Each structure stands twice: as structure tokens, then as C-alpha cells.
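Read the numbers this way: they start at 1 and go in the same order the structure lists the ligands and their atoms. Computed from a predicted model, the values in this text were never measured in an experiment. When a residue number appears, it is its place in the shown sequence, counting from 1.
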Amino acid sequence: MIEILPQATTKYSLDYYATDPIFSAPVADLKSDARNVAPRLRGRTIWMVNSTARGGGVAEMLPSLISLTNNLGISVRWAVIRSDRPEFFLLTKRIHNLIHGDTGSGSELGAEDAMLYEAVNRQNAESFKKELKPDDILIIHDPQPLPMGQMLARELGLPAVWRCHIGLDRRIDATKTAWRFLRPYLDGYRRTIFSAPEYVPDYCADRSTIIHPAIDPLSHKNQELSVNKLTGILCNSGLQPEYEPVVTPDYRSRVSLLGDDGSYVAPEELGLLFRPLVLQVSRWDRLKGWDPLLEGFVRLKNRTIKSNGTNKTRRKQNRLRLSRLVLAGPDPRAIADDPEGMQVLNQIRERYMSLDPGLRSDIAIILLPMESHKENALIVNALQRCAHIIVQNSLQEGFGLSVTEAMWKRKAVLGTHACGIRQQIRDGRDGLLVLKPEDPDEIADKLSQLLNNSVACYNMGRSAQRRVYDEFLIFRQISGYLRLLDSIL
Ligand code: UDP
């Protein structure tokens, strides 16, 4: 049944951002964009609908988007579709994978799938109806609630917009299957929004808008952290032993680490504050390229062990020798719409267990608690700030907010040519891109290139932050939605 989430409020109001010397100009632009639209939206509620309140890029963006748009005098609420049928989420995950060109979990979508898809959406639509007023507007995110938007648009006459966060920049059998399946449910939608022009299916071309995802620079995930606060987060979450007492209390749930015996344990010293960290934080999804990244790091280490450093290269050798790979993701049991997570994690675990103990000690596989959104976000923030290099080795990526977050923190980012990442990182300027994310040797080469060149890392990080400031901050995203709403009013 549909769940209406409590009104999202961010820690800071839009006016607070406006008083910040860094954000005053983008906020002024946003306010000017809102001046005409806000009065026309008075009395209406804009409903953002998706399938999870936690985990993944959409759930990451919605709270700030909703809260800051409300600050403009526009009413926005958040509803999440629910189902007690796990097969529904398996189906929508299959659709998701097919849109990304991946047939790993099945290559067909048939009449039975359509029945399940519609039945769950019908149930949610019925329970949602009583919340809706005649002038409301629906913005439906991703495929899971897509049929529900159509049902409500047809039955209540509400304007509906579909916001698709995923896509592939090629047309192949898998993507065609998915888009053929989804096509009938798009009838009745006034507009569609995609993250890149390459993603737009032909039949949506005449009603599509591109809006880039974006980050909130003052959210728990992205706010600056003082050294004290950062250390406190590491200690409170269990990522760092407390050598001295810390002011704040332990988190409700703490991180767990894949231990030597294959079970998940409380970590001891991981060297997060000392060692050059190579970090990837993502969902445990095959398309995030975990396995080749792990393999690439293992090859990098093996090469380092074999080579003899001269005096001149000793510092570089040390950096390579001391580097530690941290793979972090959510506890897969906590994510409702991500049934494959555990499977992917188990595969990583198997490879990890097969490594020499020496290599294993250079790799930390960490599960992050999901009970508290704030605590999870602070942990990700702290980990990203500890990292020397942040990797996003995605085979496919709709956009990749984790890349945006890393760029905002001025990190050297190693991404891939996946369309979403390519939208953000200009290769060699704002970070580096691997051509073949499934090739561990290329990953090892690029990691070594970055670990060996601190000046290049610094310059890329600097340029990366500027790029996010110019293109991928929340203010610009809200303006995009306002323009779109204006066009359908
Ligand atoms: N993320 C998180 N905790 C985790 C793993 C990921 O908060 O344990 C966040 C990450 O910081 C990013 C989002 O989840 O904000 C992932 O969004 P992205 O667009 O990178 O990928 P998606 O998961 O939507 O495919």
C-alpha cells in the first residue's frame, strides 16, 4: 500500500543557503526562476512517487529537492509504493537491468509480468486516491510506479510526469525488450524526464526534457566535516577505535566488516585516517563493477610487491604499498527493492576469501547500517573525505550521484565511460575514466597513475568541484523541474 512519508525538511532553509557566499548566486537564480511559477502552483500539491525511501540515488535526492522546493512556497510531498510481494521487486529489478542492457536476471518480459506489474500498481493506486486533490500533479520516478501514474492520470485527470533515472546510450535487444514492455504504460503521461539525451526512447522524443540529477551541498552526505567531527563519525559508527573519548554517542547500528573467516564482524583499526584509501561506495549491484575493481586492485598490489623501489621512487612505492581498497555498501537486507544485493556481495566475499592473507589485509569490505538515514549519510561523507581516490567502476550508470559527491569533495575520481559518468567527468580534466571497466589491468594502470601523481589528483579534484558547482547542484535541478511544471500548467 502506498506510504505517504512525513514532510521532508532539510537542516537548512533556502534562505540560509542564500546567505552563504558560495551559494548566494545559484539561489538567487533559482528564486528568480520560481517567481512566475510558484503563484501558479498555489493550492496544488506536487507528488513525488518512487519505490523506496532509503538507498540509491533517487531516495538520496528527494528529501532536499522536496524540502527546498517547499521553501519556495510550492507544496511538494513524497509517497512510496509498497508491496508485500517480493516477486514484484524482482520483476522491476529485471526491468531496471534490461534498461541498462543487462540480461543477467532474464531477457524476456511477458504477459504474466505485466499482470503482476499492474496488480501491485493497482493496489497502490487505490490507496493513493484518497490522498489526491483534483489539481494535484504527479511526478513518478522510475519504472516501479509507472503504471500507477497512468491509472491515476486517467481516472482522476491529473497531469502526470514520468522521471526516469536510468538508461543506456545504445539500443540493444535487452533495452528494446524493456522499452517495448514499458511503452503502453507511458500513454497518458504529459511529459518524461531523462538524465541524458541518449536515454530517451524514440516514442518519448516529442515530450522529453533533460534534467541532470544533483546534490545538496549542505546535506549530511556532502556538508564539510571538521577533523574532529570526521573522527567522531568514524568512532561512533565503529570504523575507528576510540583512542580518546569522543563527545558524541555511538550510533544505533554500527558498521560491520567482512572478517577473515568470512563472517561480518566489528572492525578493528582500518587505517582510514592514515593509509591512502581507494574507495568505492555503492549499492551491491553487479553493474557497479565491484569484481573487476577488486581484481584490478589485487593486480596493482601484486605488481607493487614485485617491483624494487629506488630512493627516488620510495615515496611513491610507499603510497602504493600502503594503499588500501575499501569497498562499502549498504547492508543488503535493509533495501526493499534490491533483492540481488546479497548475491553480488556473496560473490565479492568469495573472491576475497580466496586471496592471500597479506592481500586481504589491504582490502576492507564494509557493510553500512541503514537504520538511520542521517548516520548512513555521515558515514559515507566521512569515508569519502578520508579517501585518496574514489572509484566508480560502473559498467552502466544512469548518472552516478556517488561520482558527483566525490567530485564535490575535490577527490581524484576514477570513473568509467558509462554514459552517466561521462556526463560529469571530462576525462583527464575532472578525473580519469577507464575505457573497459571489466578489464582489471586497465583499472590497475589507472589507479597506479593516480596514486603516483598527487599534483594531477589535486588539480583534477579542484576542477571536479567547480564542475559540480556549475552543473550539478540542487538549485539548478529545482529550476529544471519548475520550467517543466510551467510548461504543463
Ligand atoms: N549510498 C549510500 N550508502 C551506501 C551506498 C550508497 O548512501 O551504503 C548512496 C551514495 O552515496 C549515492 C547513492 O547512494 O548518493 C547512489 O546513487 P547513484 O546515483 O550513485 O547510484 P544508484 O544507486 O542510484 O544506482
What residue and heavy atom of the protein are closest to atom 3 (N) of ligand 1, and at what distance?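 The closest one turns out to be N376 OD1, 3.1 Å.
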Who's the nearest protein heavy-atom neighbour of atom 18 (P) of ligand 1, and how far? L401 N, 3.4 Å
Short N or O distance, [X] and ligand 1, threshold 3.5 Å exclusive:
| X | result |
| --- | --- |
| P330 | yes |
| G57 | yes |
| F399 | no |
| E405 | yes |

Parallel, tilted or perpendicular, judged at 30° and 60°: which one describes the rings of [X] and [Y]?
| X | Y | answer |
| --- | --- | --- |
| Y481 | H141 | tilted |
| W408 | Y469 | parallel |
| Y16 | Y12 | parallel |

Ligand-residue contact atoms, ligand 1 with [X], heavy atoms, under 4.0 Å:
| X | value |
| --- | --- |
| S402 | 20 (O) |
| R283 | 22 (P), 23 (O), 25 (O) |
| V380 | 2 (C), 3 (N), 7 (O), 11 (O) |
| S282 | 5 (C) |

Selection from Q396, K221, Q280 by shortest heavy-atom distance to atom 1 (N) of ligand 1: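 Checking each option, the heavy atom nearest atom 1 (N) of ligand 1 is found in K221.
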Run down the list H100, Q392, K288, M61 and name the one with the heavy atom closest to atom 21 (O) of ligand 1. K288
For ligand 1, is there an atom lying under 4.0 Å from some heavy atom of G400?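 For ligand 1, residue contact (heavy atoms, under 4.0 Å) with G400 is present.
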Provide the closest heavy-atom pair for [X] versus [Y] in the form atom of the first, atom of the second, distance.
| X | Y | value |
| --- | --- | --- |
| P330 | W284 | O-NE1, 2.8 Å |
| S323 | K301 | O-NZ, 2.6 Å |
| A418 | L395 | CB-O, 4.0 Å |

Taking the side chain as every heavy atom from C-beta outward, state whether V298 and I363 have any pair of such atoms under 4.5 Å apart. yes
Sequence-distant partners of E60, side-chain hydrogen bond (donor to acceptor under 3.5 Å, both in side chains), two or more places apart: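 Here the qualifying residues are K221.
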Drop me the distance from W162's CH2 to I193's CD1, to the nearest 0.5 angstrom.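 Nearest 0.5 Å value for the CH2-CD1 distance: 11.0 Å.
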